[in-house]
Amino acid sequence: MQQKKVHIMTFGCQMNVSDSEKITALLRTIDYEPVASIGEADMVIVNTCSVRAKAEERIYGILLTMKGELKNNPDLLIGVGGCVAQQEGERLLKKIPHLGFVFGTHNLHLLPQIVRQAETGKRTCETAFIDDGSRFDLSPDYDSGLAITRSITIMQGCDNFCSYCIVPYVRGREVSRQKSDILEEIQKVSAGGVREVTLLGQNVNSYGTKSGDGSDFARLIRDVAKIPGIERIRFMTSHPKDLSAPLVECYSDVEKLCSHIHLPVQSGSDRILALMNRGYTRSDYIGKIEKLKLIRRDLLVTSDIIVGFPGETEEDFQDSLSLMTTVGYSDTYSFVYSPRPETKAAKMPDNASKGEKSERLKRLFALQKNLTKSVHDSYVGKRVEVLVEGESKKTGQVYGRTSGNRTVNFSGSSSLIGTLQRPLIIKNLQNSLLGELE
């Protein structure tokens, strides 16, 4: 059979990046190889995100403009997957006449047959939820190549139903993979040269809660740490209310667990946290951070913060700013609230203007810039351990990350890739650090 080419456009979270790797592996089974541009492709797949309204609008814009690609290649096959596909389903096929197929977040395993149907001219939409572990049975046979890091999906979905969040509606309820399958996949990528794994899920620290086989997230981390060749373990994303004592204890005695945690707080105001249905208070959150930092003193914390949630006052926003300073985040990922279909917050009254929300976001960015600078400045003059991941854009340099997830560039050759080095940090470059090896 003649080999064809596919270009995959990935938007959104780490989960989507991981899904795109699986899509690539699945399409290889029907003789499609990935290419870097639409112009080279026989098929384009857009793997989408709908967490924010702007992300969704951008996807529609891309799909509409893609009609122009058909002038150059009338046989180009176009498909959409991910969260927008799950949310919109058949509506996408109606709105975008040149779209060939749509597949949801639970339907990756059906992609080969969906594509084969689309190749015959049959427009297909598969978005049925599959609320058991069978959808994980993909056993992706991707080549590690020169990759030093790899994301491993350990669970999907979320049972929390935060009032602003669309994830339970587009990713479904929580389902955990079998631990044996996870460990087998990590052993495989380790044998291929991977030295750092990131365990992925919408709420990783509730892994195993519903599995009934005795597995939990802390035990999983300890088992991953035993796999030869794996030097570092990361995970994302965590829900603060599910940060268990056994997981906190892992930071005490699992050396391979990195000194970084992404712990989305969303707001520093107790009133807004209650409206968000987050299940914890400001004091609860700070207490958990303090416990973590007592155990792992070099721990860096990153977070997500929503600005302009319905009903947020200036006082509520000030609570978020003060929390940022109290925790001393190394980074925050922040955006203005946008209503999402089916969520409770979409029906809440909202009195703040767009201008007020934009102005608050600017102030938050300014504060975070100073906090990040303070964190980076604290590295200057010190040696830090860096796992070298690849060659930098600047000739003669390599890059990697610290255990705390700070990017470091320093002089070195490609022979260092995959090794742990201890460069001296000589400069804060704002978004990264500059180091040197003796």
Next on the checklist: Could you measure the distance from the CD atom of E359 to the OG atom of S353? Nearest 0.5 Å is fine.
Outcome noted: 9.5 Å
Checklist entry - Under 3.5 Å, is there a donor-acceptor pair linking the side chains of Q113 and Q117? => result no
Checklist outcome for this item: For P310 and P349, the nearest pair of non-hydrogen atoms, with its separation, is CB-O, 3.5 Å
Item to check | N160 side chain vs C162 backbone, donor-acceptor pair below 3.5 Å | outcome: no
Item to check | Side-chain touch T302/N405, heavy atoms, less than 4.5 angstrom | outcome: no
Next on the checklist: Heavy-atom count check: over 12 atoms from other residues, nucleotides or ligands less than 6.0 Å from K67 NZ?
Outcome noted: no
Item to check | Between OH on residue Y169 and OG1 on residue T343, distance to nearest 0.5 Å | outcome: 7.0 Å
Item to check | Residues E33, R28: salt bridge by 4.0 Å N-O rule | outcome: yes
Next on the checklist: Walk me through whether I154 and F235 qualify under side-chain contact (heavy atoms from CB on, under 4.5 Å).
Outcome noted: CA-CA 10 Å; I154 67 167; F235 60 87; over 6 Å; no
Item to check | Side chain proximity check, T24 to Y32, heavy atoms < 4.5 angstrom | outcome: no
Checklist entry - Are side-chain heavy atoms of R296 and L257 found at a separation under 4.5 Å? => result yes
Next on the checklist: Can you confirm whether more than 12 heavy atoms, excluding those of K5, are under 6.0 Å from its NZ atom?
Outcome noted: no
Checklist entry - Do the side chains of I306 and M276 get nearer than 4.5 Å, heavy atoms only? => result yes
Next on the checklist: With a 3.5 Å distance limit and no angle check, can you tell me whether H106 reaches the backbone of R171 through a side-chain donor-acceptor pair?
Outcome noted: yes
Item to check | K293 atom NZ, over 12 foreign heavy atoms within 6.0 Å | outcome: yes
Next on the checklist: Hydrogens and angles aside, do S18 and K22 bring a side-chain donor and acceptor to less than 3.5 Å of each other?
Outcome noted: yes
Checklist entry - Taking everything shown except K241 itself, do over 12 heavy atoms lie less than 6.0 Å from its NZ? => result yes
Item to check | Distance-only donor-acceptor check, side chains S322 and R282, under 3.5 Å | outcome: yes
Next on the checklist: Quick one: does any side-chain atom of S303 pair with a main-chain N or O of L263 as donor and acceptor, under 3.5 Å?
Outcome noted: yes
Next on the checklist: Between E119 and R116 (salt bridge meaning N to carboxylate O under 4.0 Å), is one present in this structure?
Outcome noted: yes
Next on the checklist: Quick check on R58: does its CZ atom have over 12 non-hydrogen neighbours (other residues, nucleotides or ligands) under 6.0 Å away?
Outcome noted: no
Next on the checklist: For N409 and K394: C-alpha separation, side-chain torsions, deciding distance, then whether side-chain contact (heavy atoms from CB on, under 4.5 Å) applies.
Outcome noted: CA-CA 9 Å; N409 294 278; K394 186 174 181 180; over 6 Å; no
Item to check | N/O donor-acceptor pair under 3.5 Å between H7 side chain and V35 backbone | outcome: yes
Item to check | R360 with E314: basic N within carboxylate O range, under 4.0 Å | outcome: yes
Next on the checklist: Test: ring pair (Phe, Tyr, Trp, His ring centres under 6.0 Å). Region: residues 271-320. Which pairs qualify, not counting sequence neighbours?
Outcome noted: H239-Y280, F309-Y337
Next on the checklist: For a side-chain contact (heavy atoms from CB on, under 4.5 Å) check, start with the C-alpha distance between I272 and R278, then their side-chain angles and the critical distance, and finish with the verdict.
Outcome noted: CA-CA 9 Å; I272 297 299; R278 290 293 283 172; over 6 Å; no
Item to check | T105 to V170 - nearest heavy-atom pair and separation | outcome: OG1-O, 2.5 Å
Item to check | Donor-acceptor pair, side chain of H109 and main chain of L26, under 3.5 angstrom | outcome: no
Checklist outcome for this item: Tightest non-hydrogen contact, residues L292 and L299, listed as CB-CD2, 3.6 Å
Checklist entry - Is the number of heavy atoms from other residues, nucleotides or ligands within 6.0 Å of CD (E315) greater than 12? => result no
Checklist entry - Taking side chain as C-beta onward, heavy atoms only, is L111 less than 4.5 Å from L27? => result yes
Item to check | Heavy-atom closest pair, residues F161 and P168 | outcome: CE2-CB, 3.5 Å
Checklist entry - Under the salt bridge (charged side-chain N to carboxylate O under 4.0 Å, His left out) criterion, do K357 and D350 qualify, and how do the steps go? => result CA-CA 11 Å; K357 294 177 183 180; D350 186 6; 2.5 Å; yes
Next on the checklist: Given 3.5 Å as the limit, does a donor-acceptor pair link the side chain of N203 with the main chain of G157, or not?
Outcome noted: no
Item to check | Flag, side chain of Q156 to backbone of Q202, donor-acceptor distance under 3.5 Å | outcome: no
Checklist entry - Can you list every salt bridge (charged side-chain N to carboxylate O under 4.0 Å, His left out) pair that touches residues 318-342, not counting sequence neighbours? => result E56-R340, D331-R406
Next on the checklist: Whether the N47 and D19 side chains hold a donor-acceptor pair (N or O, under 3.5 Å, no angle test) is what I'd like checked.
Outcome noted: no
Checklist entry - Looking at CZ of R232 and CG of L387, how far apart are the two atoms once the value is rounded to the nearest 0.5 Å? => result 5.0 Å
Next on the checklist: Over 60° means perpendicular and under 30° means parallel, so tell me whether H260 and H262 are parallel, tilted or perpendicular.
Outcome noted: tilted
Checklist entry - Taking C-beta and beyond as the side chain, do L200 and V17 meet within less than 4.5 Å on heavy atoms? => result no
Next on the checklist: Measuring only between side-chain heavy atoms, which start at C-beta, is L108 closer than 4.5 Å to F103?
Outcome noted: yes
Checklist entry - Would you say the side-chain atoms of T209 and E174 include a donor-acceptor pair closer than 3.5 Å? => result no
Checklist entry - Do you know which two heavy atoms are closest between V102 and L99, and how far apart they sit? => result CG2-CD2, 3.7 Å
Checklist entry - Quick one: do the T281 and D284 side chains pair a donor with an acceptor below 3.5 Å? => result yes
Checklist outcome for this item: Distance col, row M15:CE vs C49:SG, nearest 0.5 angstrom, shows 12.0 Å
Next on the checklist: I need the minimum non-hydrogen distance between T402 and Y379, along with the two atoms involved.
Outcome noted: OG1-OH, 3.8 Å
Checklist entry - Roughly how far apart are I45 CD1 and S20 OG, rounded to 0.5 Å? => result 8.5 Å
Checklist entry - With distance as the sole test, does S378 use its side chain to make a donor-acceptor pair with the main-chain N or O of V375 at under 3.5 Å? => result yes
Checklist outcome for this item: dist R123:CZ -> I96:CD1 (nearest 0.5 Å) comes out at 9.5 Å
Next on the checklist: Is it the case that the side chains of Y207 and R219 hold a donor-acceptor pair, with the cut-off being a distance below 3.5 Å and no angle test?
Outcome noted: no
Checklist entry - Would R234 and R401 satisfy side-chain contact (heavy atoms from CB on, under 4.5 Å), going step by step from the backbone distance to the final call? => result CA-CA 12 Å; R234 302 184 189 273; R401 285 175 298 158; 3.6 Å; yes
Next on the checklist: Using modelled atom types and a 3.5 Å cut-off, is there a donor and acceptor pairing between side-chain atoms of T372 and backbone atoms of S330?
Outcome noted: yes
Next on the checklist: Just so I know, are the side chains of K256 and V224 near enough to count as touching, which here means a heavy-atom distance under 4.5 Å?
Outcome noted: no
Next on the checklist: I'd like to know if the side chain of S252 reaches the main chain of I295, judged simply by a donor and an acceptor atom lying under 3.5 Å from each other, with no hydrogens or angles considered.
Outcome noted: no
